[in-house]
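Everything below concerns the one structure shown next.
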Amino acid sequence: MQELIASPFFPWIVMLVNGIIAGWLASLILGGGGLLRNAIVGIIGAIIGGTLVQNGLLNLPFDIGAWGNQIVVSTIGALIVIIIARIIAR
């Protein structure tokens with residue numbers, strides 16, 4: 001396990017897993033699916049959600065730990081991505 005954490009690929013693995021979970025949660029809320037689509041939407045959502053948090057535009061009213069907060073912020077970002085994609089697709 002220490003080798004994995006020390007690996008330069010570890011942040012990418014965490015981001016991929018976080019993206020898959022966030023994309024999956026967003027697809028449960030708004031519909032859609034597919035592992036690859038969930039991962040892409042979740043990773044883009046993580047970037048958007050993280051940007052919103054850094055700029056002070058998104059503040060969570062609760063704290064469920066670092067991993068939980070990351071997944072909630074990424075899911076909110078993924079929901080935004082799905083909504084924007086659906087508006088553009090019309």
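- Both Ile29 and Ile44 are part of a single hydrophobic cluster, where members link through side-chain heavy atoms under 4.5 Å apart.
- Checking side-chain atoms of Ser74 against main-chain N and O of Ile71 turns up no donor-acceptor pair under 3.5 Å.
- With hydrophobic clusters built from ILVMFWY side chains whose heavy atoms lie under 4.5 angstrom apart, Leu36 does not share a cluster with Trp12.
- Under the 4.5 Å side-chain heavy-atom criterion for ILVMFWY residues, no single connected hydrophobic cluster contains both Leu25 and Val73.
- Between atom CD1 of residue Ile47 and atom CG of residue Leu52 there is a gap of 12.0 Å, rounded to the nearest 0.5 Å.
- Annotation: side chain of Trp67 is in contact with side chain of Val14 (closest heavy-atom distance under 4.5 Å).
- Remark: Leu28 CG to Asn38 CG distance equals 8.5 Å, nearest 0.5 Å.
- Between Ala39 and Ile20, the closest heavy-atom pair is CB-CG1, 3.6 Å.
- Shortest non-hydrogen contact noted between Ile43 and Met15 is CG1-O, 3.9 Å.
- Linking Ile, Leu, Val, Met, Phe, Trp and Tyr residues whenever their side-chain heavy atoms come within less than 4.5 Å leaves Leu30 and Leu35 in two separate clusters.
- With sequence neighbours excluded, the residues that form a side-chain contact (heavy atoms from CB on, under 4.5 Å) with Val41 are Arg37, Ala78, Val81, Ile82.
- Formation of a donor-acceptor pair under 3.5 Å by the Asp63 side chain with backbone atoms of Gly65 is found in this model.
- Residue Ile80 holds its CD1 atom at 11.0 Å from OG1 of Thr75, rounded to the nearest 0.5 Å.
- Scored by the side-chain contact (heavy atoms from CB on, under 4.5 Å) test, Val72 finds Leu60, Phe62, Ile64, Ile76 as partners (sequence neighbours excluded).
- Atom CG of Leu79 sits about 11.0 Å away from atom CD1 of Ile84, to the nearest 0.5 Å.
- Using a 4.5 Å cut-off between side-chain heavy atoms of Ile, Leu, Val, Met, Phe, Trp and Tyr, with links allowed through other members, Val53 and Leu57 fall into the same hydrophobic cluster.
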